[in-house]
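Single-structure report; data block below.
Order of the sequence lines sets the chain letters (A, B, ...), proteins ahead of strands, with each chain counted from 1. Only heavy atoms go into these numbers, but all of them, side chains included; no hydrogens, no water, no symmetry mates.
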There are 2 protein chains.
Amino acid sequence: MSKATRTPEGAFPGIRHDHGDCVAEALSAAEALCAQRGVRLTELRRRVFELVWSSHAPVGAYDLLSRLAREREGAAPPTVYRALDFLKEHGLIHRIESLNAFVGCRTPGQAHAGQFLICSECGMAAEIDDSRVNAAIDRRAKEIGFAVHSKTIEVEGLCPPCRDRAGEDGHGIG
Amino acid sequence: MSKATRTPEGAFPGIRHDHGDCVAEALSAAEALCAQRGVRLTELRRRVFELVWSSHAPVGAYDLLSRLAREREGAAPPTVYRALDFLKEHGLIHRIESLNAFVGCRTPGQAHAGQFLICSECGMAAEIDDSRVNAAIDRRAKEIGFAVHSKTIEVEGLCPPCRDRAGEDGHGIG
DNA sequence: GAATATTAGGTTATAATATAACATATCTTG
DNA sequence: CAAGATATGTTATATTATAACCTAATATTC
Ligand SMILES: [Zn+2]
Ligand SMILES: [Zn+2]
Ligand SMILES: [Zn+2]
Ligand SMILES: [Zn+2]
């Protein structure tokens, strides 16, 4: 159990990590990727991207919209959905199907399936990319003769801190 | 490649399989399970279950509603959503998060994660339960210290027949 | 078997999520 | 600047899902 609470690749950043660093890193990766592809990370898209990155918990489109509306009058659903479409298309964010919500991608530009551990207590989502999971799915699909295009893997449960908290006072009924 | 087109556990039933058998089997399993649990598979719930089982492709709630409305005047969204909630609660159907749709469960009563291969061409969904996939996820979650409650695994692609059709005429542009 | 509690369903309204369609603005390129 | 392409504004509407309140059916208790 000595390594049980380590978080490989910083899957769940601690509650006191410097999130400004996360955002800065994500923004600079996004800028680089857009420049490389010759697409425009406009003011609006960049702002929506920042709002998605406001935490490690997936955010709903209308949450984003209400925040955006504070700074942009006339912001409407298409405003945010179009930006989200762009960001998704370029792999800068992922959509969490089981939550109808969006979260920043930690490794934009790299091909990956998008596997998530999502805490139902605090809402945090950790993106992982486990090659064994991918291999197991690909192998089974191949056995069946199914041609895989994309995978949605969303695991719901409790992140380490929330699991520990639940263990402390969650065993009794009262 | 000799076994590549076999379908273990009949993942994708052929286009000419006797689907009446599927429905009959599912209904009788559902009845047994409800009897065993002392819950009521009412007329309405049974009918919604049959409609979900009308094919192996996931069906949207409002699709179900429009079909139900033909035979039940006054059917409204809660009519179908309540039945779906019941069926889901008892593991008789699964919700496909990436499609906002519902599909019958092939192994009700048994604990399983609900893993799906979904054909984007014909809409068919095959439920699998690959222990390697589960083990890989559980192992990675354990490394991270994440307590898994439930898994959403939905793989999009082409089922064997659709893949073959695509291979025949889908390589060129014109 | 009537009284009561529980569960299921009917009905109306509304919430939450997402897109269509068309107008205007901005950027790119020549 | 003209022309085309891309991005955004704007209004309306589609799609998916739930809230709230009421009535009916079924189960439980006396
Ligand atoms: Zn952070
Ligand atoms: Zn948590
Ligand atoms: Zn069938
Ligand atoms: Zn198919």
* To do: Apply salt bridge (charged side-chain N to carboxylate O under 4.0 Å, His left out) to the pair E89(A) and R82(A), showing each step before the final yes or no.
  => CA-CA 10 Å; E89(A) 190 180 339; R82(A) 284 194 286 229; over 6 Å; no
* Asked: Roughly how many Å is it from CG in L41(B) to P in dA25(D), rounded to a whole number?
  -> 19 Å
* Let me know the distance between CD1 of I96(B) and C1' of dT15(D), rounded to the nearest Å. => 18 Å
* Verify stack between Y62(A) ring and dT17(C) base, 5.5 Å, 30 degrees -> yes
* Taking all atoms of both residues into account, what is the closest heavy-atom pair of E127(A) and F116(A), and its distance? -> CB-CE2, 3.5 Å
* To do: Measure the distance from CG on L84(A) to P on dT17(C) and round it to the nearest whole Å.
  => 12 Å
* **Any side-chain donor near an acceptor of the partner, D129(A) and N134(A), under 3.5 Å** => yes
* For the residue pair E156(B) and S150(A), confirm or rule out a side-chain donor-acceptor distance under 3.5 Å. => yes
* Asked: Do any of residues 65-81 of chain B sit with a heavy atom less than 4.0 Å from DNA chain C, and if so which?
  -> R72(B), G74(B), A76(B), P78(B), T79(B)
* Structure fact -> Each nucleotide of nucleotides 22-30 of chain C classed B (base within 4.0 Å of a protein heavy atom), S (only sugar-phosphate) or -, in 5' to 3' order, makes -----S---
* Atom-to-atom span, CZ of R45(B) to C1' of dA25(D) - whole angstrom -> 12 Å
* **Between P of dT7(C) and CG of D85(B), the distance in whole Å** => 16 Å
* Asked: What pair of heavy atoms forms the shortest contact from F12(A) to P160(A), and how long is it?
  -> CD1-CD, 3.9 Å
* Structure fact -> By nearest-heavy-atom nucleotide on DNA chain D, the more 5' of D63(B) and L44(A) is L44(A)
* **Polar contact flag, side-chain donor to acceptor under 3.5 angstrom, R47(B)-T42(B)** => no
* Quick one: is T42(A) getting a side-chain N or O under 4.0 Å of the dT8(D) phosphate, OP1 or OP2? -> yes
* Nucleotide dT15(D), atom C1' - distance to CG of L99(B) in whole Å -> 14 Å
* For H112(A), which residues count as a ring pair (Phe, Tyr, Trp, His ring centres under 6.0 Å) partner, sequence neighbours excluded? -> H94(A)
* May I ask you to decide whether K88(A) forms a salt bridge with D85(A), counting only side-chain N to carboxylate O separations under 4.0 Å? => yes
* Asked: Rounded to the nearest Å, what distance is computed from the CZ atom of residue R37(B) to the C1' atom of nucleotide dT7(C)?
  -> 18 Å
